[in-house]
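One structure below.
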Amino acid sequence: MAKTSDIRLLDLLAETARELADRLDATASSISRVIGDVLIQVSEFTPDGRTLMMGQGYLVPDYPLTQVVLTSGQPRALTLADADVDAAEARVLRDLGFASLLMLPLEIGGSVWGLVEVYRAEPLPFTAEDVRVAAEILARTSVRAG
């Protein structure tokens, strides 16, 4: 049985995923928990209500750019139109039907708790302003999650 604090965190993450998609004019967003070298998606939002990868797990070392985001603490963006797009990230984007991705670390309690991914169907790059807005949303989420 889930603890009340776990349920509140899941509600907060769902709220965060929705706000990210709305404010960044994105097709979808997801939040995954990092446990060692594994990412497990725990929250997602799509305006059309479709399911992306809920509950699915991924090995972080299989996705070099994801690993950079989690270890450096710095956001990264890519589109399928990028000349140097990471093959593993591109495969997942194509499988999901997206062309652009913004990845950011989510810190809770002073350390990286998870990975946030924001998607667009179009190969429209995420801007520095998009990154600023996303970072502001995640900072607020981090404080609220405590």
Side-chain angles (χ1 to χ4, degrees), residues 6-145:
D6 293 338
I7 292 168
R8 278 186 243 161
L9 179 59
L10 290 175
D11 289 344
L12 175 60
L13 296 177
E15 178 184 314
T16 299
R18 175 184 291 273
E19 184 177 3
L20 285 163
D22 289 347
R23 294 208 34 213
L24 299 180
D25 195 27
T27 308
S29 63
S30 67
I31 301 173
S32 299
R33 175 73 168 112
V34 180
I35 303 170
D37 280 344
V38 177
L39 280 175
I40 299 174
Q41 188 171 337
V42 295
S43 187
E44 63 184 23
F45 175 78
T46 59
D48 62 8
R50 76 177 173 126
T51 299
L52 299 176
M53 304 169 289
M54 193 60 128
Q56 206 162 347
Y58 293 92
L59 289 174
V60 174
D62 290 345
Y63 299 89
L65 192 58
T66 296
Q67 194 162 27
V68 167
V69 171
L70 294 172
T71 58
S72 73
Q74 298 300 309
R76 295 287 191 270
L78 64 99
T79 73
L80 291 178
D82 294 344
D84 62 346
V85 67
D86 176 83
E89 301 289 355
R91 185 179 66 255
V92 172
L93 281 175
R94 284 188 193 97
D95 288 350
L96 292 172
F98 301 130
S100 299
L101 170 63
L102 173 62
M103 294 185 286
L104 305 101
L106 173 60
E107 289 190 12
I108 296 177
S111 62
V112 175
W113 183 92
L115 178 74
V116 174
E117 297 170 288
V118 184
Y119 304 95
R120 288 183 176 149
E122 317 78 34
L124 178 66
F126 287 92
T127 65
E129 178 63 11
D130 293 328
V131 172
R132 187 195 67 72
V133 169
E136 171 190 297
I137 293 167
L138 296 181
R140 190 173 56 245
T141 297
S142 178
V143 168
R144 290 177 62 196

In Å and rounded to the nearest 0.5 Å, what is the [atom1] to [atom2] distance from [X] to [Y]?
X      : Y      : atom1 : atom2 : result
Asp130 : Asp25  : CG    : CG    : 9.0 Å
Leu70  : Leu104 : CG    : CG    : 10.5 Å
Asp37  : Gln67  : CG    : CD    : 7.0 Å
Arg8   : Glu15  : CZ    : CD    : 14.0 Å
Ser43  : Asp11  : OG    : CG    : 9.0 Å
Gln41  : Thr51  : CD    : OG1   : 9.0 Å

Original post:
Is any side-chain N of the basic residue among Arg132 and Glu129 closer than 4.0 Å to the acidic one's carboxylate O?
Top reply: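 Salt bridge between Arg132 and Glu129, a charged N being under 4.0 Å from a carboxylate O: yes.
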**OP:** For side-chain contact (heavy atoms from CB on, under 4.5 Å), just list the numbers for Tyr63 and Val92, CA-CA rounded to whole Å, side-chain angles, deciding distance to a tenth of an Å, and then say yes or no.
**Re:** CA-CA 10 Å; Tyr63 299 89; Val92 172; 3.7 Å; yes
Which heavy atom of [X] sits nearest a heavy atom of [Y], and at what distance?
X     : Y      : result
Thr79 : Pro125 : CG2-CA, 3.8 Å
Asp82 : Ala77  : OD2-O, 4.4 Å
Leu93 : Ser100 : CD2-O, 4.0 Å
Arg50 : Glu44  : O-OE2, 4.1 Å
Leu39 : Ser32  : CD2-CB, 3.9 Å
Gly36 : Val34  : O-CG1, 3.6 Å

**OP:** Answer yes or no: are there more than 12 heavy-atom neighbours, outside Arg18 itself, under 6.0 Å from its atom CZ?
**Re:**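 No, CZ of Arg18 has 12 or fewer neighbouring heavy atoms, counting only those of other groups under 6.0 Å.
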With distance as the sole test, does [X] use its side chain to make a donor-acceptor pair with the main-chain N or O of [Y] at under 3.5 Å?
X      : Y      : answer
Ser142 : Leu138 : no
Thr46  : Ala28  : no
Ser29  : Ala17  : yes

Check whether any side-chain heavy atom of [X] lies under 4.5 Å from a side-chain heavy atom of [Y], and answer yes or no.
X      : Y      : value
Met103 : Phe126 : no
Val112 : Leu106 : no
Leu78  : Asp86  : no
Pro123 : Leu80  : no
Thr66  : Tyr58  : no
Leu9   : Trp113 : yes
Thr141 : Val116 : no

**OP:** Could you please spell out the steps behind the salt bridge (charged side-chain N to carboxylate O under 4.0 Å, His left out) verdict for Glu89 and Arg76?
**Re:** CA-CA 12 Å; Glu89 301 289 355; Arg76 295 287 191 270; over 6 Å; no
**OP:** With sequence neighbours excluded, tell me which residues meet ring-ring contact (aromatic ring centres under 6.0 Å, His included) with Tyr119.
**Re:**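 Applying ring-ring contact (aromatic ring centres under 6.0 Å, His included) to Tyr119 gives Phe98.
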Subject >> Check against side-chain contact (heavy atoms from CB on, under 4.5 Å), Leu115 and Ile31 >> reply: CA-CA 6 Å; Leu115 178 74; Ile31 301 173; over 6 Å; no
